[in-house]
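No hydrogens, no waters, no symmetry mates; every other heavy atom, side chains included, goes into these values.
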Amino acid sequence: MELTPIDGETLHSFRISTVGPAKLRNAYYYCVCDEHDVRSVELALASTTFKKEDYILRNLSLLQKYVIDSDELIAKHFHVHVIDNGRSLDCASLNSPHVTIHPNPNVGGSGGFARGMIEALEQSPKATHVLLMDDDVEVLPESFIRTFNLLSLLKDEYVDAFLSGAMMSLEEPELRTEDLGFFTQKGNFSPLKPEGYMTSLHDIVESEVFQTPSDLYGDTIQQYAGWWFCVIPVTAIEAYGLPLPLFVRSDDAEFALRCKPKFMTMNGICVWHNAFKFKYSAAVERYQVSRNTLISQATTGIAPITDFLKEIRREVELDLKKFNYDDAMLAVKGLEDFLRGPEWISHPVAEARFMEANREKETMVPLEQLAPEALKLGVDLDSLTYYNLSLEGGRNKLQSIFDYITINGHRFVSVSAKRRGKVAVIDAAGWVYPAGKIRDVDTLIVVDMPNKKGAIRHMDKKRFKEVWTRFRKAEKYFKRNKDKIYAEYASYRDVFTSIDFWKQYLKEASE
């Protein structure tokens with residue numbers, strides 16, 4: 001059955017109609033092309049893991065059976081490098097001619113992927129492309145076969161492009177949540193495309209033909225490909241270097257923005273991943289993001305239209321308005337650690353700081369453990385629904401101005417008597433701002449519905465003053481010394497991205 005390309009068409013399909021039960025087997029598709037048009041590809045998969053044995057072992061088994069042991073051309077040109085930051089995998093039983101486990105110090109995702117890139121450059125035969133992939137994903141072997149075949153048939157204009165695989169939802173397996181992302185002008189990570197169901201013909205086509213809306217163009221020039229599944233030509237690594245030593249968060253965005261490649265996506269090239277709402281961590285989103293976005297911008301000049309300090313201030317104020325003093329302090333500490341300068345981050349200090357941030361973030365407990373205390377405050381958590389949790393309440397313009405200036409009553413005013421004894425229940429997600437519900441209360445019950453956890457917060461002006469004073473001090477120092485600090489980080493660009501630096505960094509982290 002010949003499928004003839006037609007200009008303007010995005011999707012080719014056919015239908016098989018039968019009378020009665022039927023079985024289909026040994027179906028495949030292929031293309032006929034000139035042998036000289038087929039590119040030579042050596043694909044190296046680099047997956048960084050930290051004690052996620054269930055995912056890694058299952059994925060290795062699938063890749064061995066359906067890719068490495070298959071009759072596909074990729075089988076002879078594919079090597080898997082598992083960077084074991086947790087040093088928990090059995091190398092002797094897992095290593096094979098096409099699979100290598102590399103015990104590694106816990107240097108985070110950026111350190112693991114840097115090691116993977118180095119191994120791909122030094123393997124024999126040398127890789128032409130490195131596929132960076134998260135460890136906590138479920139894979140489809142067809143995605144790897146399709147990736148290899150696409151790389152083998154690239155047109156000249158895409159030979160240096162990055163290939164971004166889609167993130168599908170483990171909770172809703174047919175839902176594509178993201179493939180490409182971008183830094184907004186305000187400093188947020190954002191998906192480029194709207195979510196789409198790959199069981200919907202409309203969404204399948206839209207995923208392929210999507211064009212950036214004109215009102216978003218200014219932001220979306222800051223595009224990146226996430227490292228849950230991203231294929232990078234080795235030529236880009238040789239030209240632009242290795243990742244920055246950021247541990248986790250922002251490393252993939254920084255690398256893509258530094259390289260400024262074209263991007264490719266294709267339906268069927270994907271992995272399945274937990275939605276981010278199930279994985280929110282203040283240690284990551286407040287401490288790591290605050291520190292790493294500034295380090296990235298200062299070192300390699302990425303995201304020039306974004307003011308990351310302004311975004312840190314917004315997040316600090318947001319957490320303070322919601323009485324979340326612990327997480328607000330994490331953002332402050334991220335800013336303070338950035339101000340330490342590049343010499344500090346050039347050593348393996350990131351793991352200890354990340355573990356400390358995890359200990360210092362707000363403690364969430366199971367809802368059944370929280371329920372008795374909440375009931376004393378007049379809230380029955382057993383009857384709580386997504387609907388009444390998401391209600392935001394209303395406020396007028398004057399109230400909005402008051403809340404902004406006073407940071408929800410924390411400064412310039414005394415504690416109002418009408419606050420005493422008042423309780424509100426809100427979503428625990430760090431990005432929500434139910435302004436109408438949280439004003440004029442002195443207690444907040446925060447609920448993480450997806451993970452069935454929660455916490456109780458009380459307004460505390462003393463804690464507010466501690467956090468706000470430290471933030472304002474760091475903010476003023478940043479503004480007075482920004483040019484000097486950025487110049488110092490920029491002077492480390494070639495060092496941080498070099499193979500020599502990373503080999504020494506990994507050695508130091510192992511000692």
Quick one: list whatever passes side-chain contact (heavy atoms from CB on, under 4.5 Å) with P194, sequence neighbours left out.
E206, F210

Member of E311, Q222, Q297 meeting the side chain to side chain donor-acceptor pair (under 3.5 Å) criterion with T306
Q222

Using the ring of Y55 (Phe, Tyr or Trp, six-membered ring only), decide whether R58 places NZ or CZ under 6.0 Å from its centre and within 45 degrees of its axis.
yes

Please check: side-chain N/O of R39 versus main-chain N/O of L151, any donor-acceptor pairing under 3.5 Å?
no

Take atom CD of E511 as the centre, draw a 6.0 Å sphere, and report whether it contains more than 12 heavy atoms from other residues, nucleotides or ligands.
yes

Taking the ring of F501 and the ring of Y492, is the distance between their centroids below 6.0 Å?
no

Is E9 atom CD crowded by more than 12 heavy atoms from other residues, nucleotides or ligands, each under 6.0 Å away?
yes

Salt bridge (Lys or Arg N to Asp or Glu O under 4.0 Å) between E488 and K484, worked out:
CA-CA 6 Å; E488 187 178 3; K484 177 183 176 182; over 6 Å; no

Answer whether the closest heavy-atom distance between the side chains of M264 and L154 falls below 4.5 Å.
yes

Can you tell whether the side chains of K126 and E238 come within less than 4.0 Å, N to carboxylate O?
yes

Is there a donor-acceptor contact under 3.5 Å from the side chain of T128 to the main chain of E42?
yes

Would you check if the side chain of D448 reaches a backbone N or O of K453 as a donor-acceptor pair within less than 3.5 Å?
no

Quick one: do D84 and R87 make a salt bridge, cutoff under 4.0 Å?
no

With a 4.5 Å limit on heavy-atom distance, are the side chains of W344 and R353 in contact?
yes

side-chain hydrogen bond (donor to acceptor under 3.5 Å, both in side chains) between E53 and S88, intermediate numbers included
CA-CA 8 Å; E53 288 85 352; S88 57; 2.5 Å; yes

Can you list the residues that meet the side-chain contact (heavy atoms from CB on, under 4.5 Å) rule with P141, with sequence neighbours excluded?
L62, Y66, V67

For atom CG of D34, is the number of surrounding heavy atoms from other residues, nucleotides or ligands below 6.0 Å larger than 12?
yes

Worked check of ring-ring contact (aromatic ring centres under 6.0 Å, His included) between F189 and F183:
CA-CA 5 Å; F189 298 89; F183 265 133; 4.7 Å; yes

Is the closest basic N to carboxylate O distance between K262 and D160 below 4.0 Å?
no

Closest approach of C230 to F162 (non-hydrogen atoms, all atoms of both residues):
SG-CD2, 4.2 Å

Would you say the side chain of H81 lies within less than 4.5 Å of the side chain of H102, judging by non-hydrogen atoms?
yes

Just by modelled atom types, is the M133 backbone N or O under 3.5 Å from a matching donor or acceptor in the S47 side chain?
yes

Kindly check if the number of other-residue, nucleotide or ligand heavy atoms within 6.0 Å of CZ (F263) is above 12?
yes

Pairs flagged by side-chain hydrogen bond (donor to acceptor under 3.5 Å, both in side chains) wherever residues 16-30 is involved - sequence neighbours left out:
Y29-R146

Look at the aromatic rings of H98 and H79 and report parallel, tilted or perpendicular, splitting at 30° and 60°.
tilted

Test side-chain hydrogen bond (donor to acceptor under 3.5 Å, both in side chains) on D69 and Q64 and set out the steps.
CA-CA 6 Å; D69 292 341; Q64 184 70 49; 3.0 Å; yes

What residue among R291, R286, E285 forms side chain to side chain contact (heavy atoms under 4.5 Å, CB included) with V289?
E285

Are K193 and E178 close enough for a salt bridge, meaning some N to O gap below 4.0 Å?
no

Would you verify whether the NZ or CZ of K333 falls within 45 degrees of the ring axis of Y287 while also being under 6.0 Å from that six-membered ring's centre?
no

If you measure from the Lys or Arg side-chain nitrogens to the Asp or Glu carboxylate oxygens, is any gap between R493 and E254 under 4.0 Å?
no

Closest heavy-atom pair and its distance - L180, S164:
CD2-CB, 3.6 Å

Is the shortest side-chain heavy-atom distance between C270 and S143 below 4.5 Å?
yes

Please report the C-alpha distance between N267 and S207 in whole Å, then the side-chain angles of each, then the deciding distance to 0.1 Å, and finally whether the side-chain hydrogen bond (donor to acceptor under 3.5 Å, both in side chains) criterion is met.
CA-CA 7 Å; N267 288 332; S207 183; 3.1 Å; yes

Okay, side chain of N188, backbone of S190: is any donor-acceptor separation there less than 3.5 Å?
no

For N292 and S250, indicate whether the former's side chain and the latter's backbone hold a donor-acceptor pair under 3.5 Å.
no

Name the orientation class of the two ring planes belonging to F478 and F338 (parallel below 30°, tilted from 30 to 60°, perpendicular beyond 60°).
tilted

Do Y489 and F496 have their ring centres less than 6.0 Å from each other?
no

Heavy-atom count check: over 12 atoms from other residues, nucleotides or ligands less than 6.0 Å from K51 NZ?
no

Is there a donor-acceptor pair under 3.5 Å between the side chain of D134 and the backbone N or O of D136?
no

Just checking, K155 and Y158: is the charged tip under 6.0 Å from the six-membered ring centre and within 45° of the axis?
no

Main chain of S110, side chain of D251: is a donor-acceptor contact present, judged purely on distance under 3.5 Å?
yes

Is a side-chain donor or acceptor of N59 paired with a backbone partner of V137 at a separation under 3.5 angstrom?
yes

Using a 6.0 Å cut-off, check whether atom NE2 of H202 has over 12 heavy atoms from anything other than its own residue.
no

Taking W272 for its side chain and E171 for its backbone only, find out whether a donor-acceptor pair lies under 3.5 Å.
no

Is any side-chain N of the basic residue among R340 and E336 closer than 4.0 Å to the acidic one's carboxylate O?
no

If we only count heavy atoms from C-beta on, is the L163 to L150 side-chain gap below 4.5 Å?
yes

